[in-house]
Peer 1: 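I have a structure I would like to understand better, so I am pasting it below and will then ask my questions one at a time.
From a predicted model like this one, the values you see are computed outputs, not experimental measurements.
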Amino acid sequence: MSDTIKHRIWEIIGRNTSDAESEWLEQKGTSAPLELMTAFVAAPRFLSKKIIETTDEDKWELNTEVPGFSVENWSLVRLSRVWLVTQLDPSDKEEYVKNVDTLFDTAEMNELVALYSALPLLSYPEQWLFRATDAVRSNMGFVFDAIAFHNPYPEKHFNELAWNQLVLKTIFNDKPIHLIEGLQNRMNEKLAVTLSDFAHERWAAGRSVPPQVWRLVSRYMTPTILADMQYLFNSENREDQKAAALACSESSLINANYLLAKYTDLEKSVKSGALTWAELEH
């Protein structure tokens with residue numbers, strides 16, 4: 001991790017803390033590992049629990065240094081805990097890993113949220129893969145959100161199976177998949193087929209499917225998925241129709257283009273740029 005991003009995080013902290021709070025953090029950030037780790041746990045006793053304010057410049061620089069990384073809507077405690085973890089010296093890998101593992105092993109929910117939020121900034125990223133995939137299985141919603149949303153770690157380090165589990169759990173829990181970093185880059189055929197099967201199960205049970213699901217199938221349009229598109233076009237739900245139009249427009253399958261051409265108003269909206277997936281993001 002670059003010094004630039006640590007400096008930017010510290011600047012954000014400085015604008016959101018009192019003098020006493022920033023002095024406490026600065027002193028703890030330069031202390032021995034055990035004291036620093038104790039401060040990580042004790043942070044809520046010394047810091048305000050308010051939501052931080054950031055600037056456009058903050059967002060740009062953080063995203064430039066670590067693409068996909070965001071601190072939007074974080075609490076001061078969460079950001080400060082992430083900053084404290086980045087102050088651990090990574091030069092001795094064994095010691096560094098032991099200290100971070102200790103934080104994970106003893107963490108309560110809010111501490112876990114901070115640790116998973118910090119994954120894109122930690123040294124030895126491969127070392128935390130088990131921790132990250134374990135978070136996907138977590139029943140604690142805030143912990144799952146910390147690894148799933150606005151977190152570039154899964155896109156860079158998850159294998160296809162782990163990635164698909166992350167996306168599928170997001171959908172099963174009716175959470176917004178557009179908040180997953182790398183969603184378009186990590187599309188794959190197995191996920192597309194699984195999503196089609198999932199849709200059939202939902203429809204058979206008289207339940208709907210979030211329209212954004214279909215943004216993940218366009219590159220892998222099979223006859224079965226093409227039939228799903230027809231089902232969506234026939235739906236009384238306008239958002240289903242829009243999702244089908246967008247998926248067909250992005251497909252290289254000629255029959256998908258033919259199908260879209262039957263719905264001239266939707267085809268026109270897609271081709272003009274008036275209709276995009278952003279319209280279906282809720």
Peer 1: List the atom of Ser138, the atom of Lys169, and the distance in Å for their closest heavy-atom pair.
Peer 2: O-NZ, 2.6 Å

Peer 1: Hey, quick one: are Phe40 and Leu34 part of the same hydrophobic cluster, counting side-chain heavy atoms closer than 4.5 Å, chains of contacts allowed?
Peer 2: no

Peer 1: Not counting sequence neighbours, which residues clear salt bridge (charged side-chain N to carboxylate O under 4.0 Å, His left out) with Asp92? List them please.
Peer 2: none

Peer 1: Per the salt bridge (charged side-chain N to carboxylate O under 4.0 Å, His left out) rule, what does the pair list look like for residues 176-188, sequence neighbours excluded?
Peer 2: none

Peer 1: Taking Asn185's backbone N and O only, do any of them form a donor-acceptor pair with Glu155's side chain (distance below 3.5 Å, no angle check)?
Peer 2: no

Peer 1: Would you check if there is a donor-acceptor pair between the side chains of Trp277 and Glu250 at a distance under 3.5 Å?
Peer 2: yes

Peer 1: Report yes or no: do Thr55 and Asp58 form a side-chain donor-acceptor pair below 3.5 Å?
Peer 2: yes

Peer 1: Can you tell me how the ring of Phe233 sits relative to the ring of Tyr263, calling it parallel under 30°, perpendicular over 60° and tilted otherwise?
Peer 2: parallel

Peer 1: Mind checking what makes side chain to side chain contact (heavy atoms under 4.5 Å, CB included) contact with Thr64, not counting sequence neighbours?
Peer 2: Trp60

Peer 1: Who are the side-chain hydrogen bond (donor to acceptor under 3.5 Å, both in side chains) partners of Asp101, not counting sequence neighbours?
Peer 2: Arg131

Peer 1: Working note: Glu239 + Lys242, criterion salt bridge (Lys or Arg N to Asp or Glu O under 4.0 Å); need CA distance, chi angles, decisive distance, verdict.
Peer 2: CA-CA 5 Å; Glu239 289 197 342; Lys242 291 177 179 178; over 6 Å; no

Peer 1: List for me each residue that meets side-chain hydrogen bond (donor to acceptor under 3.5 Å, both in side chains) alongside Lys175, sequence neighbours excluded, and say none if there are none.
Peer 2: Asp145

Peer 1: Indicate if Val193 and Ile177 have the same hydrophobic cluster label, given that clusters are the connected sets of ILVMFWY residues with side-chain heavy-atom separations under 4.5 angstrom.
Peer 2: no

Peer 1: Within the structure provided, determine whether Trp24 and Thr17 are in side-chain contact (heavy-atom separation under 4.5 Å).
Peer 2: no

Peer 1: Does a donor on one side chain sit under 3.5 Å from an acceptor on the other, for Asn234 and Gln230?
Peer 2: yes

Peer 1: For the residue pair Ser117 / Arg78, report whether a side-chain donor-acceptor contact shorter than 3.5 Å exists.
Peer 2: yes

Peer 1: If we ignore hydrogens and angles and just use 3.5 Å, is the side chain of Ser251 paired with the main-chain N or O of Cys248 as donor and acceptor?
Peer 2: no

Peer 1: Output every pair passing salt bridge (charged side-chain N to carboxylate O under 4.0 Å, His left out) with a member in residues 208-237, not counting sequence neighbours, ordered by first then second residue.
Peer 2: Arg215-Glu281

Peer 1: If only side-chain N and O atoms count, and only distance matters, is there a donor-acceptor pair under 3.5 Å linking Thr30 with Gln87?
Peer 2: no

Peer 1: Could Lys28 and Glu35 be called an ion pair, given the rule that one side-chain N must be under 4.0 Å from one carboxylate O?
Peer 2: yes

Peer 1: So, Tyr116 versus Tyr153, ring centres under 6.0 angstrom or not?
Peer 2: no

Peer 1: Between Ile51 and Val82, is there shared hydrophobic-cluster membership here, with clusters defined by ILVMFWY side-chain heavy atoms closer than 4.5 Å?
Peer 2: no

